[in-house]
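Below is one structure, written out as structure tokens, with a few remarks after it.
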Amino acid sequence: SVKVYLLFNLLNSMILGAITPKNIGDKRTTLHPQSIKAVLDMGIKVIFESGIGLQADIPDKALSELGAKSLSREECLKQADIILCSEPIKSDEIGLIKKGSSILGLLEPFNNKAQFKTHAEKGINSISMEFIPRTTRAQKMDVLSSQSNLAGYVSVIESAKLLNSALPMMMTAAGTLKPARVFVIGVGVAGLQAIATAKRLGARVEAFDTRPIVEEQVKSLGAKFVKIDLGDTGQTDQGYAKELTKEQIDKQKKLQADVCANSDIVITTAQLFGKPAPKLIDKKTIERMKPGSVIFDMAVESGGNVEGSIADSLQNLNGVKIIGYSNLSSFVSDHASFALSNNLINFIIDFYDKENAQMNFDLEDEIIKSSMFVKDGKILKK
Ligand code: NAD
């Protein structure tokens with residue numbers, strides 16, 4: 001009967017839990033009040049570590065008013081059937097998690113392989129959001145895109161703050177102020193948003209990427225595509241750039257140096273999936289740039305595109321400011337949390353089996369197949 005069914009569901013509801021990142025630079029929460037209604041409506045219980053949203057100015061009350069429950073970190077780890085996180089969970093805390101529970105989040109799999117062995121030993125499932133495929137169906141779960149987009153915006157805002165000039169052209173009685181020249185190297189998700197943001201602020205924008213397909217996108221944003229013929233470059237079937245040969249990189253560096261020398265702001269976003277970022281700007285190029293100009297190395301966390309850039313610092317080379325900030329989406333932590341939470345909750349909704357009040361991790365599904373690292377004690381990827 002309906003009553004028995006309801007009672008069964010009440011006793012059997014799945015618990016979704018979220019914990020605060022330990023990395024103090026990560027100011028995001030994986031549960032945003034504007035996105036949890038959908039899971040609560042499905043009968044999923046939601047618990048979260050007290051204070052989880054404080055760095056994004058989201059008080060516990062904003063979540064608890066909706067029906068989510070604030071608990072200690074330990075209780076969250078113990079009770080949750082699914083744990084949302086924006087960083088890998090350290091091995092000393094894995095022991096708190098129930099066997100059969102799942103970890104869903106940004107697990108940085110390339111740098112943290114050992115965690116999967118621990119998960120497998122403890123019978124905990126793990127899913128890395130970095131490996132959500134870049135298909136149309138999975139777009140709403142694509143954490144890399146949602147965060148890169150905001151990072152691209154932040155890179156322009158932070159560079160603009162450090163530039164001693166305004167970005168737009170201004171014709172004033174005191175004279176004409178020239179627009180700033182911005183050069184964006186690498187036009188993936190972050191690069192496109194950097195171009196769009198710089199354009200909105202009135203800068204003259206140029207951009208380059210090794211994937212020729214990008215030229216159209218650059219032009220559609222009103223920016224100029226810098227033509228550098230590197231011969232065969234291409235992209236992988238997931239749309240990622242292929243690694244260039246040493247000769248190609250040398251040629252690229254040489255030809256783009258002139259554009260850098262004429263730019264006020266250079267933003268580099270070039271990344272190779274799972275590999276160190278290509279080194280694209282060396283000291284020789286920086287020495288040709290004007291004092292007061294700004295370089296923002298968005299690839300600093302994966303090795304950097306720029307010689308001399310250092311993570312989380314501002315360097316100065318002959319008056320050229322080199323920014324290497326990390327955790328960029330956390331500069332706009334409310335929006336970053338909203339997007340991240342939506343991505344994770346979209347995943348939950350798509351793979352939630354309401355009848356049995358549990359997740360259905362079907363390895364035949366391309367999204368699960370691509371993102372699931374550990375299932376039922378087995379490591380699924382090398
Ligand atoms: P990314 O962060 O891996 O790299 C950033 C950019 O750097 C890329 O555009 C890459 O081509 C470029 N790059 C690499 N080496 C370079 C070099 N030597 N010089 C200049 N540029 C260089 O990229 P991303 O933002 O994650 O996007 C990767 C791809 O995925 C793109 O094709 C993007 O359109 C695609 N994508 C598709 C979907 C979807 O369909 N759902 C969603 C997001 C992204």
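The residues of the chain are indexed from 1 along the displayed sequence. Counting convention: from 1, in listed order, for ligands and their atoms alike.
Closest heavy-atom approach to atom 20 (C) of ligand 1 within the set K279, Q252, K242: this belongs to Q252. Relative to atom 15 (N) of ligand 1, the option among P278, P133, S302 with the closest non-hydrogen atom is P278.
Nearest protein neighbour of atom 16 (C) of ligand 1, counting heavy atoms only, is A270 CB, 3.6 Å. Protein heavy atom nearest atom 12 (C) of ligand 1, with residue, atom name and distance: D209 OD2, 3.2 Å. The protein heavy-atom contact nearest to atom 23 (O) of ligand 1 is G188 CA, 4.2 Å. Given atom 17 (C) of ligand 1, the protein heavy atom at minimum distance is T210 CG2, 3.4 Å. Atom 21 (N) of ligand 1 has as its closest protein heavy atom G186 CA, 3.4 Å. Of the protein's heavy atoms, R134 NH1, 3.7 Å lies nearest to atom 30 (O) of ligand 1. Atom 5 (C) of ligand 1 has as its closest protein heavy atom T269 O, 3.3 Å. The nearest protein atom to atom 41 (N) of ligand 1, hydrogens excluded, is given as Q139 CG, 3.1 Å; this is a heavy-atom distance.
We find that K161 and E158 are joined by a salt bridge, their nearest charged nitrogen and carboxylate oxygen being less than 4.0 Å apart. Taking a cutoff of 4.0 Å between a charged side-chain nitrogen and a carboxylate oxygen, D362 and K369 do not qualify as a salt bridge. Electrostatic pairing of E215 and K219 counts as a salt bridge here, judged by a charged N lying under 4.0 Å from a carboxylate O.
Only the side chain of L244 comes within 4.0 Å of ligand 1, counting heavy atoms alone; its backbone N, CA, C and O stay farther away. Only the side chain of D142 comes within 4.0 Å of ligand 1, judged by heavy-atom distances.
Here F273 and F110 bring their ring centres to under 6.0 angstrom of each other. Checked against a 6.0 Å centroid threshold, the rings of F116 and H119 count as neighbours. Taking the ring centroids of F331 and Y153, they lie at or beyond the 6.0 Å cut-off.
Heavy-atom contacts of T135 reach the following atoms of ligand 1: 41 (N) (cutoff under 4.0 Å). Residue contact check: V187 has heavy atoms under 4.0 Å from atoms 9 (O) of ligand 1. Using a 4.0 Å cut-off to heavy atoms of Y240, the atoms of ligand 1 that qualify are 3 (O), 26 (O), 28 (C).
Defined by atom type and a distance below 3.5 Å, a donor-acceptor pair is present between the side-chain atoms of Q315 and S313.
On a distance-only criterion, R211 and ligand 1 share at least one N/O pair closer than 3.5 Å. Residue S145 has no N or O atom closer than 3.5 Å to an N or O atom of ligand 1. In terms of polar-atom proximity, defined here as any N/O pair under 3.5 Å, F208 makes no such contact with ligand 1.
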Evaluate R28 against Q147 for side chain to side chain donor-acceptor pair (under 3.5 Å), listing each step before the verdict. CA-CA 11 Å; R28 300 168 298 180; Q147 304 302 299; 3.0 Å; yes
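Ligand 1 is never approached by G191 to a heavy-atom distance shorter than 4.0 Å. The closest approach between F273 and ligand 1 stays at or above 4.0 Å for every heavy atom of the residue.
Contact check for D81 versus L16: no side-chain heavy atoms found under the 4.5 Å cut-off. Two residues are said to be in side-chain contact when any heavy atoms from C-beta on lie closer than 4.5 Å; L244 and Q252 meet this criterion.
Transitive grouping of hydrophobic side chains (ILVMFWY, heavy atoms separated by less than 4.5 Å) keeps I94 and I127 in distinct clusters. No continuous path of hydrophobic side-chain contacts links I348 to I47 [ILVMFWY only; heavy atoms under 4.5 Å]. When the side chains of ILVMFWY residues are joined at heavy-atom separations under 4.5 Å, either directly or via intervening members, I281 and M289 end up in a single hydrophobic cluster.
For atom 35 (C) of ligand 1, the protein comes within 4.0 Å by no heavy atom at all.
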